[in-house]
Asks: 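The structure's right below; bear with me while I get my questions together.
Lettering follows sequence order; numbering is per chain, from 1. Worth saying up front: this structure is predicted, and the values here are computed from it rather than measured.
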There are 2 protein chains.
Amino acid sequence: MGRLREFDEAKAIDGAVDCFWARGYEATSVRDLAEHMGIGGASLYNAYGGKRALFVTALARYAERSMRERIARREGNGQPKEAIRDFFTEIIERSLADRDRKGCLLVNSALDVAPHDAEIGKVVAGYLEEIRAFFQRNIEAGRRAGQMPRNLDAADVSAHLLGVLMGIRVLARTRPDRALLESVARPALDLLDMPVRPRARRARS
Amino acid sequence: MGRLREFDEAKAIDGAVDCFWARGYEATSVRDLAEHMGIGGASLYNAYGGKRALFVTALARYAERSMRERIARREGNGQPKEAIRDFFTEIIERSLADRDRKGCLLVNSALDVAPHDAEIGKVVAGYLEEIRAFFQRNIEAGRRAGQMPRNLDAADVSAHLLGVLMGIRVLARTRPDRALLESVARPALDLLDMPVRPRARRARS
DNA sequence: ACGATTTTGGAGCGAACGCTACAAAATATC
DNA sequence: GATATTTTGTAGCGTTCGCTCCAAAATCGT
């Protein structure tokens, strides 16, 4: 019973994601949100509760459609090393193509919102942990398949890859330069390759 | 000629740094600033021009007192590897001791302000480049001194270290956990060590 | 001492902020 | 069709925003 909603809820959330993504939490006003969501201010509060609650919803939408989608697309192909390499390649390519330098909503939130809001902080930390776990699963699979060095510490290296990923997204927002971003990633990805037996230059022992 | 300033200009700038550092650019109000700087609103505009100009000044102060000081303190000891290692150790320790999770003003600005303000973006990029250059100088010195592998690519690895540093500062704001932060840094720092000749497990060719 | 110049505190500008109140409009149940 | 319930648009609540105006206060050169 009651009047039914006239706006497209999926489009509305996507509009909210775009707003928070482009401008950040503080700099996004409720009026901006309502306009980009295609709804009125009253509907926004009626349907989503308010700015903060809407942000949590938008964050979940972003994580689902952007992060988890990207993970799911790479995983389960039986090529764990390519999964990780392609993950970084895609992030770099998208960062370079990101003309308005929006970066990653999760990373932006980790610095903007999370430190000032314990609840949202835990949510963001949980999303980032999902990325690290993706790295760890694929490192372990790569070791089992003999594609990666046996002595790789999956916990260490997965955390390292997560840190490098965060670094790429930070640097991309101030200096979206291909050479820089690829240099950041390369030493980390080289860890995943099998060591080459160093060729002896001259006879020595 | 004219009335002379009554407030301590150094303390005032430090107060502005503290404000922007703790709350971010957008979330810091001119009234917050004036109060923490110990001056009135009119004096703030008279002496510094406005919120944005004051932010640029505060950023320069932070870079000088926090970043360049940290670099200068480590460099020129003839121990380039320790300079880099200690740099990361200090960042991790300070991040763990940073109870209100202020992080690094440069990194915060790189995500908050830089993408929306081209001029400030270039300033921030310049400061970050100083950090990368510090890494590169010490990598080259370490190679010359025979403390680091001869085949280290100083450009690549210095960019990598900068990325890892950014990653540590991001993760520290959402999950200030020693094990996590040290895991992020460890594989990067291990690059600086001389390779150990792998001990042959069994006789094999 | 005096005019010129600068700083300081206070009041307040117009605008935008997050949010709410309220009545008209639209639906389901009966 | 009457009633109950929900959504929608509008108007506006009180607050805060960055910033400016202005007169009093304080210092200089002369």
Asks: Think B:Arg5 has a side-chain N or O under 4.0 angstrom from the OP1 or OP2 of C:dT7?
Replies: yes
Asks: Between D:dG18, D:dT8, C:dG18, which one does the side chain of A:Glu6 approach most closely?
Replies: D:dT8
Asks: I want to check a possible cation-pi pair here: A:Lys51 against A:Tyr45, using under 6.0 Å from ring centre and within 45° of the ring axis as the test.
Replies: no
Asks: Among the candidates D:dA25, C:dG18, C:dG12, find the nucleotide nearest to the side-chain atoms of B:Arg3.
Replies: D:dA25
Asks: For ring pair (Phe, Tyr, Trp, His ring centres under 6.0 Å), just list the numbers for A:Tyr62 and A:Tyr127, CA-CA rounded to whole Å, side-chain angles, deciding distance to a tenth of an Å, and then say yes or no.
Replies: CA-CA 10 Å; A:Tyr62 176 88; A:Tyr127 291 138; 8.9 Å; no
Asks: Name the residue closer to the 5' end of DNA chain D, choosing between B:Gly49 and B:Gly2 according to the nucleotide with the nearest heavy atom.
Replies: B:Gly49
Asks: B:Phe88 vs B:Phe135 aromatic rings, parallel, tilted or perpendicular, using cut-offs 30° and 60°?
Replies: parallel
Asks: Between A:Ala42 and A:Asp32, which is nearer to the 5' end of DNA chain C once each is assigned its nearest nucleotide?
Replies: A:Asp32
Asks: A:Asn46 has a side chain; which of D:dA24, D:dT8, C:dC17 sits nearest to it?
Replies: D:dT8
Asks: Is any side-chain N or O of B:Ser29 closer than 4.0 Å to OP1 or OP2 of D:dT16?
Replies: no
Asks: Counting side-chain heavy atoms from CB outward, which of C:dC19, C:dG12, C:dA28 is closest to A:Leu4?
Replies: C:dA28
Asks: Does the side chain of A:Ser43 get closer than 4.0 angstrom to OP1 or OP2 of D:dT8 through an N or O atom?
Replies: yes
Asks: With under 30° as parallel and over 60° as perpendicular, where do the rings of A:Phe20 and A:Tyr25 fit, or are they tilted in between?
Replies: parallel
